[in-house]
Number of protein chains: 2
Amino acid sequence: MTAERVMPAETANPGFRPLYRQVKDLLLKRIGDGIWSPGALIPSEQQIAAELGVSQGTVRKALDEMTSERLLTRRQGRGTFVARHDEARILFQFFKIVPESGVAIFPESELRRTENARADEEERSVLKLAPGDRVVRITRVRSLGGKPVISEYLSLPARLFPGLGEDIPIENNLYELYSSRFGITVSGGQERVKAIAAPPEDAQLLGLPPGAPVLAIDRVAVALDGTPVEWRRTLCQTADCAYVSDLR
Amino acid sequence: MTAERVMPAETANPGFRPLYRQVKDLLLKRIGDGIWSPGALIPSEQQIAAELGVSQGTVRKALDEMTSERLLTRRQGRGTFVARHDEARILFQFFKIVPESGVAIFPESELRRTENARADEEERSVLKLAPGDRVVRITRVRSLGGKPVISEYLSLPARLFPGLGEDIPIENNLYELYSSRFGITVSGGQERVKAIAAPPEDAQLLGLPPGAPVLAIDRVAVALDGTPVEWRRTLCQTADCAYVSDLR
DNA sequence: TAGTGGTCTAGACCACCGG
DNA sequence: CGGTGGTCTAGACCACTAG
């Protein structure tokens, strides 16, 4: 591993990048390229350090950062693993809708429609697509404890998910599916929440009177490299549940 | 600093607590007790290490954790400071309402009422108060760029904020006020967001038709030791703004 | 130039897991 | 038992700030 510190003079350090970040970038690439798949045990700190010619402490710092970003999970005595999008992780990192009384649970899903179509203007803008690019659209209703609370609309870049909705079935845990079937690791995202009057169709699906207030949650999910890979609009009734956010 | 490692046998480590966490607890106590106030420069890593008889690396690990929790800010070449609740921090950590187009800005506030009253059942439950305890209630309207978008109701334990709303004026940046006038450091909180039909009074304040959908954001803010110190209900119209949450 | 935090190294020992 | 991550130490040097 070559560091800029071998060239200490003259530059006044314009593009200084610490060694542990270079290590991290390299490890990120191995995950993004599928060399290390979700769930896999990666080499030990000592092995990585020896391979790259850096100290164990430097590797540790890189792994610590990736762990804090939920990309890795470490287990003392066992090793370091690439994080999977299991239900526990989804619940903790991505699913913010919690029943009024009780703890968060993973919702059931009922698929309504899938569709492959040319992306409209809004989809192109949100997903950063080119004119003519196609999207896969998915519509479903999600329930907590048997009661429908969510009407959800997703748009995905068709190029990244070939065959999705055709020969490849839509599972409940989509991010696990993205990872296992398409090699796409969702690493984060942003949600914008608004209050709107429920459109008639969604109100009916959720058993609400027409025009009842619901949450409209727009999420753009991104892959490891920051590319948008999913846009979803979640309409959620909040009589029996709430959108929960921790301020940390 | 005494560590459990001086007693390695027999216990099989039931209450093992790493040295750096003991250091952290001690430093947290100094902030909570007001020995180090927000904005203050704390001693250097070397000084703390020497004082406590641990290595600099151990102190560093404690400080790193506290920095990641936004309790400290570190500036290379200057030192380590206790974090203040300045507008930049509020905006980043606590204020999730962002204008539709444009970047987050700190809202203006117009105070409507203050009141000192016996806590009702809901306030006692949320703020963990005893029967008979009193609360300070604050009502205000907040605007973004001159346009009212938020109607807000706060309840605070009166015991923790003596004189608030009487001789002590209500500033716009409340958490800065809690800290500077009452020695209370808000370290985090949780928000529960629902969609409701705006009550008539709030609709009028926000210039909305009666019954328009608005966000109802219930926040419980906690001090360093986890004690609830504020309950606020924020009603927010989302025609021109949205509640934004990062999934990390 | 002195002092701070930031990086990097090397090595020791502890806690935990599996075979 | 050996191997893993977790903690702790000691020391070197770099990057940055202030006076």
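No hydrogens, no waters, no symmetry mates; every other heavy atom, side chains included, goes into these values. Convention: sequence-line order gives letters A, B, ...; per-chain numbering from 1. Small disclaimer: the values here were computed from a predicted structure and weren't measured.
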- Item | Interatomic distance where OH belongs to Tyr20(B) and C1' belongs to dG5(D) [whole Å] | 12 Å
- Hey, is the side chain of Arg74(A) poking within less than 4.0 Å of OP1 or OP2 on dG6(D), counting only N and O atoms? yes
- Do any side-chain nitrogens or oxygens of Thr80(B) fall under 4.0 Å of OP1 or OP2 in dG5(C)? yes
- Report yes or no: is the cationic atom of Arg75(A) (NZ for Lys, CZ for Arg) closer than 6.0 Å to the six-membered ring centre of Phe81(A), at no more than 45° off its axis? yes
- Query: Should Thr58(A) be listed as having a side-chain N or O under 4.0 Å from OP1 or OP2 of dT9(C)?
  - Reply: yes
- Query: What nucleotide, of dT9(C), dG5(D), dT7(C), holds the atom closest to the side chain of Val54(A)?
  - Reply: dT9(C)
- Item | Check against side-chain hydrogen bond (donor to acceptor under 3.5 Å, both in side chains), Thr234(B) and Glu152(B) | CA-CA 4 Å; Thr234(B) 301; Glu152(B) 198 162 62; 2.7 Å; yes
- Nearest-Å distance for atom pair CZ/C1', residues Phe81(B) and dG5(C): 11 Å
- Regarding the side chain of Gln47(A), the nearest nucleotide among dT4(D), dG6(C), dG6(D) is dT4(D)
- Message: Can you work out whether Arg78(A) or Ile42(B) has the more 5'-proximal nearest nucleotide on DNA chain C?
- Response: Ile42(B)
- Looking only at dG5(D), dC8(D), dG6(C), the nucleotide nearest the Arg60(B) side chain is dG6(C)
- Note on the structure: Leu19(A) CG to dC13(D) P, in whole Å, measures 17 Å
- Query: Does dT7(D) have OP1 or OP2 sitting under 4.0 Å from an N or O in the side chain of Lys61(B)?
  - Reply: yes
- Message: Side chain of Ser44(A) only, heavy atoms from C-beta on: which candidate in dG5(D), dT9(D), dA15(D) is closest?
- Response: dG5(D)
- Task: Tell me whether the guanidinium CZ or amine NZ of Lys96(A) lies under 6.0 angstrom from the six-membered ring centre of Tyr243(A) and within 45° of its axis.
- Result: no
- Message: Nearest whole Å is fine: how far is dG6(D) P from Arg21(B) CZ?
- Response: 12 Å
- Item | Under 3.5 Å on both distances, the Watson-Crick or G-U partner of dG19(D) | none
- Query: To the nearest angstrom, how far is Glu45(B) atom CD from dA10(D) atom C1'?
  - Reply: 14 Å
- Task: Take atom CG of Leu63(A) and atom P of dC8(C), then tell me their distance rounded to the nearest Å.
- Result: 14 Å
- Task: Can you tell me the distance, in whole Å, between the CG atom of Asp64(B) and the C1' atom of dG6(C)?
- Result: 9 Å
- Carefully, step by step, assess Glu51(A) and Arg30(A) under the rule salt bridge (Lys or Arg N to Asp or Glu O under 4.0 Å). CA-CA 14 Å; Glu51(A) 181 205 348; Arg30(A) 291 192 182 170; 2.7 Å; yes
- Item | Donor-acceptor under 3.5 Å (Gln22(A) side chain, Arg17(A) main chain) | yes
- Atom-pair distance (CD on Gln56(B); P on dT9(C)), nearest Å: 17 Å
- OP1 or OP2 of dC17(C) less than 4.0 angstrom from a side-chain nitrogen or oxygen of Arg75(A), does that happen here? no
